[in-house]
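Naming: A, B, ... by sequence-line order, numbering from 1 per chain. Quick note: numbers below take in every heavy atom, side chains included, and nothing from hydrogens, waters or symmetry partners.
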Number of protein chains: 2
Amino acid sequence: MFLPVSLFLKSVSLGFLSVVFVCLWSGIWRGGFAWDGSFLQFNWHPVLMVTSLVVLYGNAIVLYRVPLHWSRWSCKVCHAGLLFLALVLSMLGLCAAFDFHHANNIPHLYSLHSWTGISTVALFSLQVEIALWFGGVTIFIMSLITSISGINEKLLLTLNGRNGSHAQPYSALPAEALFANSLGIVLIIFGLVVLSILSRHKWKKPGFDDETDRPLLIDTR
Amino acid sequence: MFLPVSLFLKSVSLGFLSVVFVCLWSGIWRGGFAWDGSFLQFNWHPVLMVTSLVVLYGNAIVLYRVPLHWSRWSCKVCHAGLLFLALVLSMLGLCAAFDFHHANNIPHLYSLHSWTGISTVALFSLQVEIALWFGGVTIFIMSLITSISGINEKLLLTLNGRNGSHAQPYSALPAEALFANSLGIVLIIFGLVVLSILSRHKWKKPGFDDETDRPLLIDTR
């Protein structure tokens, strides 16, 4: 039995919506993008991390359930391509945050968000580079957890910041807070759709049954 | 095939460790407990929410995989008892936060943490009270996400607070921050152990196969 096309389209469109939301948040409320060590460089961090470790990663792991009549080999190549793109974008996203911290004398890796995030990226790098099986679902759930705490942290630090440039604190729910909170809700719904697709064993393709239990790169079948 | 006892003990002991950690955080660094609208009442919030919606809920959903030779009816009663206790404690935990906000003129439900949290509790209440099936795993993952963002939020608001009572900000990683970050990591490991137990279909008990697809209260078998 195949995954219904409507559910697959829901997963793709919620992922697309998440990317649009996070770009609009950085673009409209946080002043846009640059690569100069300023706040504008940091703005790449949420965009690149959400795009790579939530949206591309999520769609890469549901790919084996997609109701397309591709060969097993085409599926593997597309899956590997999405994961490789996710790896490159996530490294750029980390650079954006670390460069910003470095340029502004902000300590690295102190918040719980940064601890869960760096663990997620470390597991993902090991998974891709050494082709060890670290459980794609584990990494995906950790990415979701890290995204939500990261959005919350960014709003608390920015809207409640001591520089006084913001008229309304987070607790007054200004438009930016409403929008970024909604981004968090969209990400959770996207995550739950992806996980619900994965949980239905009846949607596994015939002959692909234990695909997710086998390392991608050392599979010689 | 039965769930290995060692893995079940790991789930129970990580849950117990989480409760100990969250009690120590509130007890040692946040000044202890009271029910008077002060910060000390708020301290019940993390303790009650982690105990109810993560630890009791997580152990309630793995109960059907536990390698004990209980009857199906005993399992159901124990599962229902754990969920009922979780519901009562989570309502008390919500009261602790709302009473504190009310007594200190802090707005309710503005942060992304509060949005994901109130959605989780709402789904859980509907699940228990109307016996609708909302997917225990969905609620459990949402509880994990909410716990991590909540711990992060509490540390940002308290250690970086404007009252100046704290010598060291969150970014200096004082002992409290290290301890509470570690609580977050223990919660994630606990969550991943519970989810890994649930994902192994071979550990479902014979005759219990579709237990989690059937509402508890309207099951007349």
Side-chain angles (χ1 to χ4, degrees), chain A residues 101 105-117 119-120 134-135 137-142 144-157 159-162 168-174 177-178 180-185 187-189 191-193 195-196 198-199 201 212-213, chain B residues 101 105-117 119-120 123 134-135 137-142 144-157 159-162 168-174 177-178 180-185 187-189 191-193 195-196 198-199 201 212:
Chain A
H101 291 162
N105 289 318
I106 299 170
H108 302 299
L109 297 176
Y110 65 88
S111 74
L112 180 54
H113 161 71
S114 67
W115 286 24
T116 61
S119 309
T120 311
F134 269 111
V137 173
T138 298
I139 292 173
F140 183 65
I141 291 174
M142 288 180 67
L144 276 179
I145 288 174
T146 307
S147 303
I148 302 306
S149 58
I151 295 166
N152 211 32
E153 172 171 313
K154 178 67 183 170
L155 290 170
L156 285 163
L157 287 174
L159 300 180
N160 294 357
R162 293 167 192 230
Q168 289 191 295
Y170 194 3
S171 58
L173 269 186
L178 274 174
N181 280 2
S182 307
L183 162 64
I185 301 299
L187 284 172
I188 289 182
I189 298 172
L192 294 174
V193 167
L195 293 170
S196 76
L198 291 178
S199 71
H201 288 259
T212 50
D213 285 338
Chain B
H101 291 163
N105 289 318
I106 299 170
H108 302 299
L109 298 177
Y110 65 89
S111 73
L112 180 54
H113 161 72
S114 67
W115 286 25
T116 61
S119 309
T120 311
L123 290 180
F134 270 111
V137 174
T138 298
I139 291 171
F140 183 65
I141 291 174
M142 288 181 67
L144 277 179
I145 288 174
T146 307
S147 303
I148 302 306
S149 58
I151 295 166
N152 211 33
E153 172 171 312
K154 178 66 183 171
L155 290 170
L156 285 164
L157 286 174
L159 300 180
N160 295 357
R162 294 168 191 231
Q168 289 190 295
Y170 194 3
S171 58
L173 269 185
L178 274 174
N181 279 4
S182 307
L183 163 64
I185 301 299
L187 284 173
I188 288 181
I189 298 172
L192 294 175
V193 167
L195 293 171
S196 76
L198 291 179
S199 71
H201 288 259
T212 49

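Taking CG from B/N105 and OG from A/S171, the interatomic distance works out to 11.0 Å, rounded to the nearest 0.5 Å. We find the CD1-CG distance between B/I141 and A/L144 to be 8.0 Å, quoted to the nearest 0.5 Å. Atom CG of residue A/L156 and atom CG of residue B/L157 lie 5.0 Å apart, to the nearest 0.5 angstrom. The structure places CG of A/L112 at 10.0 Å from OG of B/S147, a figure rounded to the nearest 0.5 Å. Between the CD1 atom of A/I188 and the OG1 atom of B/T138 there is a distance of 11.0 Å, given to the nearest 0.5 Å.
Considering every non-hydrogen atom in both B/Y110 and A/N181, the closest pair reads O-ND2, 2.8 Å.
Counting heavy-atom pairs closer than 4.5 Å to chain B, the top residue among A/I185, A/L155, A/L195, A/V137 is A/I185. Contact count versus chain B (heavy atoms, under 4.5 Å) is highest, among A/I145, A/L173, A/N152, for A/N152.
With a 4.5 angstrom heavy-atom cutoff, A/S182 touches chain B via backbone and side-chain atoms both.
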